[in-house]
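Each residue takes its place number in the sequence, starting with 1. These figures come from a predicted structure and were not determined experimentally.
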Amino acid sequence: GLFAFRHPLITSLLVLMVGSPFFYFASHLRVDFDLFNQVPRGSQHAAVLKQIVAEIGQGSAAPYYLIFVGAAKNETVWSDPRFYQVINSVTADVAALTGQPLDKVLSPFLVPNGTASTSAMQFITNVESLAAYVLDADYRFLFDRTVSKSQTAALLTLYTTFDPFDYHADAYLDHLRTVVDATHQAAAGDWLFIGLLGASADSWSIMNHAMSLFPYQIGITFGVIFVFIAVVFRSVFVPFRMVLTVAYTIGISYGAGVLMFQYQWLDKAWSALEESPPIFSFSLLSALALDYDVFLLTRILEFKEMGYSDEAAISKAVWKTGRIISFAGVIMFIAFGSLVFSNTTMLNQFGAIAALAVFVDTFMIRPFFAPALMSIFPRYAWWPRKFKHNLERSVDDMRGDLEGSQPYHSQDQEKSDTMIGAVIGHSLSRYSTPRAQAQML
């Protein structure tokens, strides 16, 4: 604390330099949905999923579905040509964006072209579909599987060439959603509803919605912290400083998470973080960082109210709170760090991020960064708050307090003692003899 006060700019720059690489990687944070990261490694459930993917085939294990439902009950896939136009257009767009093989698409308007190539497919119209239904038993089976009995809804089944449970699904589903949204706006209008289902589609939708709200979560959290600290400590600078240190802690932990779990250095299957650890850890780490910081800041304020100078108040607060915060930080570090030994990747990610954040906040923010920021402009650090006592107690007085010396008396107290002594001396001078003075005492 004393070094951070006497060299605040150097300390702040060193701390920021240490964190800058992590901030860079945190800005490249990427999340995805991978079912295998959410189930215990080596568990029966994970083994069954892997066996399904291996035996049945990657895309066949869990295909994706696009359902097309007409609004009007009297318009069917045969009577309304817009059905086949939209379905064929969506199929072609998905194939162009994702590389989806057409022979792995099940559609009422997509059939083999009759050539020797088993992968050659061709699109057909509603009229051709009706003729094929009457003449071809195989097509009749296909049509009955992909069109409702009322013929007002059709199902498009997409069998991917990759594992639908791993991180590849996110980019694929992103392209599907882009095609669906564009079709709704351009062609479908109000007469047709297009829905996306299957495999990880539900989890993808939840993840993307949660991540779209994540910036608002960050802004609201920091806003509440700012207002709360400003009201409680009656200072303009303190809430800015506290938001900065909380953001620093979280930024370093996220950057470390990206380094460990996004660049496939520890495991080739890890190419992004699961969506849950960043979102859940943000609120928890904000609370932990704020808790330790408020504890330190309260002690600084307490010692300044007792008359200590800025240097002495900061140094003594760091000294007084150091053992408690360090013990609490070590306990939290062990508690969160134990999650890295779990056999579930999602828990590994959460434990690593949370444990590192606690370590940084306990052994970097509290003893160095927070005192340094409070010491850059110590005169204005608490503005507009006023202190009743003159800030005369120095580091030497603090050392005296620690060594058990006589209690400190401010200049006002010394003046008061001098005045009392003068009054007593004047009263004693009224008695001429030593015996009378002795009786007076």
Side-chain angles (χ1 to χ4, degrees), residues 1-16 222 224-249 285-329 332 358-403 405 407-410:
L2 187 59
F3 176 85
F5 180 89
R6 293 179 175 176
H7 308 282
L9 291 177
I10 296 177
T11 303
S12 300
L13 289 175
L14 288 175
V15 172
L16 291 174
F222 284 161
V224 171
I225 291 175
F226 185 92
V227 173
F228 176 79
I229 297 301
V231 171
V232 171
F233 290 97
R234 291 177 291 167
S235 169
V236 174
F237 173 77
V238 168
F240 281 106
R241 198 276 302 162
M242 193 162 289
V243 168
L244 176 61
T245 54
V246 172
Y248 181 92
T249 300
L285 298 181
S286 297
L288 287 175
L290 187 66
D291 180 56
Y292 293 165
D293 214 347
V294 167
F295 187 34
L296 173 64
L297 203 62
T298 302
R299 295 310 303 268
I300 295 176
L301 180 62
E302 176 185 345
F303 292 131
K304 286 181 69 66
E305 293 285 1
M306 294 171 59
Y308 282 99
S309 64
D310 294 299
E311 179 183 10
I314 293 173
S315 301
K316 188 169 185 177
V318 171
W319 176 80
K320 283 287 189 180
T321 61
R323 182 176 299 178
I324 298 174
I325 294 179
S326 297
F327 284 166
M332 296 300 294
V358 171
F359 181 85
V360 169
D361 194 68
T362 303
F363 298 105
M364 186 179 294
I365 300 297
R366 178 192 57 81
F368 298 108
F369 199 28
L373 291 176
M374 293 296 294
S375 306
I376 294 177
F377 302 105
R379 180 174 298 181
Y380 304 102
W382 296 94
W383 185 86
R385 190 185 187 101
K386 302 292 184 180
F387 295 95
K388 297 180 181 180
H389 300 289
N390 294 326
L391 302 181
E392 302 166 352
R393 305 183 73 177
S394 64
V395 175
D396 294 330
D397 297 310
M398 180 189 75
R399 291 169 179 164
D401 293 343
L402 301 179
E403 294 170 359
S405 61
Y408 170 80
H409 295 281
S410 65

Problem - Atom CZ of F233 with >12 non-hydrogen neighbours under 6.0 angstrom - result: yes
Practice task
With rounding to the nearest 0.5 Å, note down the distance linking CD in E302 to NZ in K320.
Solution key: 9.0 Å
Practice task
Any chance you could measure F226, atom CZ, to R241, atom CZ, to the nearest 0.5 Å?
Solution key: 12.5 Å
Completion exercise
For R385 and V232, the nearest pair of non-hydrogen atoms, with its separation, is NH1-O, 4.2 Å
Completion exercise
Interatomic distance, OG@S375 vs CD@E311, rounded to 0.5 Å, equals 8.5 Å
Exercise for the section: Could you grab the distance from atom CZ of F237 to atom CG of L373, nearest 0.5 Å is fine? Expected result: 5.5 Å
Please report, to 0.1 Å, the donor-acceptor pairs under 3.5 Å made by any side chain of residues 365-372, with sequence neighbours excluded.
{"unit_1": "R366", "atom_1": "NE", "unit_2": "T362", "atom_2": "O", "d": "3.3"}
{"unit_1": "R366", "atom_1": "NH2", "unit_2": "S326", "atom_2": "OG", "d": "3.3"}

Completion exercise
For A381 and M374 the tightest heavy-atom approach is CB-O, 3.7 Å
Handout entry: Flag side-chain contact, heavy atom, 4.5 Å: T245 against Y292
Key = no
Exercise for the section: Output the distance between atom CD1 (I324) and atom CZ (R299), rounded to the nearest 0.5 Å. Expected result: 7.5 Å
Exercise for the section: Please say which of V246, L290, T249, I325 ends up in a side chain to side chain contact (heavy atoms under 4.5 Å, CB included) with D361. Expected result: T249
Handout entry: Aromatic ring pairing W382/F387, orientation class (parallel under 30°, perpendicular over 60°, tilted between)
Key = perpendicular
Practice task
Indicate the atoms forming the closest heavy-atom contact of A317 with T321, along with that distance.
Solution key: O-OG1, 2.7 Å
Exercise for the section: Measure the shortest side-chain to side-chain distance between Y248 and L16 over non-hydrogen atoms and say whether it is less than 4.5 angstrom. Expected result: yes
Exercise for the section: Return the minimal non-hydrogen interatomic distance between P384 and S235, and the atom names on each side. Expected result: CD-CA, 4.2 Å
Exercise for the section: Hey, could you give me the CG/OG1 distance between D293 and T298, rounded to the nearest 0.5 Å? Expected result: 9.5 Å
